[in-house]
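All values derive from a computational prediction rather than experimental measurement. Chain A is the first sequence line, chain B the second, and so forth, proteins listed ahead of strands; every chain is numbered from 1. Side chains included, hydrogens not; waters and symmetry mates left out as well; all remaining heavy atoms used.
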Amino acid sequence: MSRPLHFAIMAAKQAHLTRESTEPMYNPTDVEERWQAFWEQNRTNEPNLNEAADPFYNLMMFPYPSAEGLHVGNLYAFTGADVHGRFQRLRGHDVFQPAGFDAFGIHSENFALKVGVHPMDLIPGNIANFTRQLKRAGIMYDWTHTVDTTDPEYYRWTQWIFLQLYKAGLAEKKEAAVNWCPSCKTVLANEQVISGRCERCDSVVGQKILSQWFFKITEFSQRLLDNLEWIDWSETTRTAQRNWIGRSEGATLRFRLAEESDEAVSVFTTRPDTIFGATFLVLAPENPLVDSFVSGAQRAAVDEYLAATAALDLVERKKADKEKSGVFTGGWAVNPATGENVPVWIADYVLMEYGTGAIMAVPAHDQRDFEFARTYGLPILPVVAPAGSVDEGADPAQVSVAVGDTAFVEHSVDEILINSGSFSGRPASQAGLAIVESLAERGLGDATVNYRLHDWCISRQRYWGPPIPVIYCEECGVVPVPEEDLPVVLPRLEQFKPSDDGIAPLAKSADFYEVECPDCGGAARRETDVSDTFLDSAWYFLRYPSTDFSDRAMDPDMTRRWLPVDTYIGGEEHSVLHLLYSRFITMVLHDLGHVEFEEPYKKFRKHGLLIRNGSKMSKSRGNVVSPDQYIGSHGADTFRAYLMFLGPYTEGGDFRDRGIAGPHRFMQKVWDAVHASLEAEAGGEAEAGGEDGRLDENIERKLHQTIKQITEDFADLCFNTGIAALMEYLNAIRADGRAPRRAEVEPLVIMLAPVAPHLCEELWGLLGGQPSLFDHAVWPEYNASKLVADSVRIPVQVNGKLRGTVEVPRGANADTVREVALEEEGVRRHLEGVEVRKTIHVPDRLLNFVVG
RNA sequence: GCGAAAGUGGCGGAAUCGGUAGACGCGCCAGCCUUAGGAGCUGGUGGCCUUUGGCCGUGGGGGUUCGAGUCCCCCCUUUCGCACCA
């Protein structure tokens, strides 16, 4: 028997056989369908974007609409954001909560290739299915402002953004060694290479020299870093971005060629204090300066090494524990500090993409250089003495320190320089600056800052993306597509499989690429690469409020009213990629005068990961859960409550089938409580439990405590404890077996509404409220004076061990409490025959006798 | 290796300006109701002991304190991110 049918039969039997009252059974499917229809018909989830008095932009990361449909991991993310949005709405904000679909990209394209259906045919069905599921889950989306990145009316403006960057000189085409995934047959951004492998298919990433479009995000490194100081984001996310940007302070030092020559090698170092110990130089194999140094005798050895390195894939090469290898060029350079000649080597542990592609090697004080020097018998010269190792009165210029088994890397104020000319004797942590200044005077160095961040390669030799809006003319060169000619529509190609040669699928379509030059009218060729999916998602939130405007990307009034985003909720996996790119694009648009803010998200919070049976949900593990099954059997409200209750939202949790029973009962009990209250009212017991219409003092206190707790919890996304507080409250009003009163259940219905919107709409209506609850209910306020009772029960300890509790008037002084405590049997027993040396009293919290 | 977070009952998790550890829920136990129960109701539920009482207990070991899950030091484990970044 199917599960839903089984439940339905059980429910019917139960209603028939065990219920004495006439109250209707809670049928989630019925309730939910009715209220979803009501919201849609009455457009309750569509704030008036022009007139909203108190705008609140509640954003969640838009999904990739997969063919499998929404899984509970998606829904977990959306539900948390939705609870927050509904809560903000009940608190009086005009909440704008739009939905969209990130439907371009390799993911869709690969799936389309696999099943042999064109993505243009596939995507609309997927979007329809996602939409159905999201509506069924009761997410409060404004469906009149959706975004689909594959819609020409959207990517027209993605292309427009490219043009703005191009005009501002922030997009440039250059030949570059790029990460190349041999399986996906496309270029990958550095961010998409995980430990040398493709983030999507896990293939080992190779390198290829191609002409690619880059966005100059590195020009914004420092701003992207600085703003992290003040934006209200999860600390872990900010740390991840900081690490990714990877600022290091140091110096660029120049080593001239030993032979008479103007040429010099620049190296970046964070340890200029150790330059007197730089006993050799190392170039990256790809460094163009290599040829300047290679002497005839070494030519063959060098060529052999370069060939061997080129054959290594990135995973092999970047293994930190790999034995260091390299080759001597035969050339020499001059250490700018000592004036001595040092040999110039080539080694693959030096990377071309960081710093200058060359390093000064200080084997005594850098572990990698140390290993290299040991392997090839190069000199190791200590120039930093460990703390306390230099005798007082000794001349630091003459001191020598034994070389250990590893490099000595400490360099605080306690370590001092030795063998460093006039800088000997200075603390290592301070000498670097002085050395750089002295070298700078001779034009041999500068203090510099280096970043790990690279420019963003946005070119993709794939099909399923927005064409990059550029035309190449033999006469005029690179010509941007005029803005009025946008969009450059992606044509429907039946053969769009990528090929090994790095030539994009669109390059096979002459209809697409043969164009007239917009400037001279001559024959020209359209760019056939498409742009990175991350560009689509870098600005979608700017589009939502302006989807009604077809003549501009962002309407200034709408943008001013609704942006920046008030709360952004999304997964941690986007901590560096999407979040950094969207900050960058926003910053550029700010500088160009298109938006007034430079940070797009006022507040960002990551949600945790939903796992199942101890591991991340994935198709390969076979532990993916579809929400449809649970919504069908228990209803969306129960399922939402379960997801929000299973653990702290920001940390995620384990999805277990049995756990849903708790929230299921809770919904049922809330339903019962409201009906019991109404029945009692109808039966004339209207104000049962309180003659004067006031709540019982204990219940009232519990209510105010609950309001305080849940208001704080829902604002902080602590949904599990918020729901627990509501459960406690329900337990309290049910405690003595009488029917709950209207004044007790009404606030419960309002406070539960963000989590269980359909059920609460229904109950709100039954209680006589005007629909929609979200438009007419007022979030309850607590009264601080009603949070505490007149008397408090406080623990009494003897030597820190609990020996009893006593009830005393609130604010009672130490003497009063002590007097009462001494009456307590358990306390007295432990004070017999011992001397009380001291009493610790924390008003309204505790009393502790210190004895013995 | 570096960085970040975390380690609490059978389970998910509460509680950190230091102040009754285990809220809330699952599961389990007992009772009630029922022809029946993956239904409902009531009560119980950290471990141990010589059980009107007491001891132990928040990964392990030290420390500070009248008092430590919470603060400090050392160690172990797990998860995640980065990883030859000069």
May I ask you to say what A:H841 touches in the nucleic acid, namely base, sugar-phosphate or nothing, with a heavy-atom cut-off under 4.0 Å?
nothing
With side-chain contact (heavy atoms from CB on, under 4.5 Å) as the criterion, how do A:T252 and A:V267 come out once you've worked through the C-alpha distance, each side chain's angles and the decisive distance to 0.1 Å?
CA-CA 5 Å; A:T252 302; A:V267 301; over 6 Å; no
Does the ring center of A:Y349 lie less than 6.0 Å from the ring center of A:F372?
yes
Please figure out whether A:G246 or A:F849 has its closest RNA chain B nucleotide nearer the 5' end.
A:F849
Would you mind telling me which of B:C11, B:C84, B:A86 lies closest to the side-chain atoms of A:Y354?
B:A86
Among B:G19, B:C26, B:G25, which nucleotide sits nearest the side chain of A:I840?
B:G19
Which of B:A23, B:G27, B:C82 is nearest the side chain of A:W244? It is B:C82
Using O4'-C1'-N9-C4 for purines and O4'-C1'-N1-C2 for pyrimidines, with syn meaning within 90° of 0, is B:G81 syn or anti?
anti
Can you tell me which nucleotide in B:G19, B:A14, B:G54 comes closest to the side chain of A:R829?
B:G54
Report the nucleotide, chosen from B:U20, B:G27, B:A86, that has the shortest atom-to-atom distance to any side-chain atom of A:T805.
B:U20
Look at all strands and tell whether A:R452 reaches a base, only sugar-phosphate, or nothing, counting heavy atoms closer than 4.0 Å.
base
The side chain of A:Y349 lies closest to which of these nucleotides: B:C84, B:A4, B:A14?
B:C84
Rounded to whole angstrom, note down the P distance from B:G69 over to B:G18.
13 Å
Interatomic spacing from OG1 in A:T237 to NE2 in A:H574 - rounded to 0.5 Å:
12.5 Å
Span that lies between the P atom of B:U16 and that of B:C80, in whole angstrom
28 Å
Please tabulate the protein-to-nucleotide N/O contacts below 3.5 Å involving nucleotides 56-58 of chain B, giving atom names and distances.
| from | atom 1 | to | atom 2 | distance (Å) |
| --- | --- | --- | --- | --- |
| B:C56 | OP2 | A:K801 | NZ | 3.4 |

Nucleotide of B:C66, B:C26, B:A14 approaching A:N720 most closely (side-chain heavy atoms)
B:A14
Choosing from B:G19, B:G3, B:C84, which nucleotide comes nearest the side chain of A:Q797?
B:G19
Rounded distance in Å - CD (A:E651) to P (B:A4)
17 Å
Donor-acceptor pair, A:R254 side chain versus A:G445 backbone, under 3.5 Å?
no
Backbone N/O of A:G811 and side chain of A:D844: donor-acceptor pair under 3.5 Å
yes
Looking for any heavy atom pair under 4.0 Å, which part of the strands does A:T839 touch: base, sugar-phosphate only, or nothing?
nothing
Give the dot-bracket line for RNA chain B from 5' end to 3' end: parentheses for intra-strand Watson-Crick or G-U pairs under 3.5 Å, square brackets for crossings, | for inter-strand pairing, dots for unpaired.
(((((((..(((......[....)))((((((.......))))))((((...))))..(((((..]....))))))))))))....
Can you tell me how far NE2 of A:H578 sits from CE of A:M61, rounded to the nearest 0.5 angstrom?
4.5 Å
Where the side chain of A:N731 is defined as all heavy atoms beyond and including C-beta, which of B:G25, B:G3, B:A86 is the nearest nucleotide?
B:G25
Under 4.0 Å between any heavy atoms, over every strand shown, what does A:K669 touch: base, sugar-phosphate, or nothing? Just pick one.
sugar-phosphate
Quick one: label A:E728 by what it contacts on the DNA or RNA (base, sugar-phosphate, nothing), any heavy atom closer than 4.0 Å.
sugar-phosphate
Can you tell me, in whole Å, how much space there is between the C1' of B:A39 and that of B:U34?
10 Å
So what does A:N450 hit on the nucleic acid, given a heavy-atom distance under 4.0 Å: a base, only sugar-phosphate, or nothing?
nothing
Can you tell which of B:A14, B:A86, B:C66 lies closest to the side chain of A:S248?
B:A86
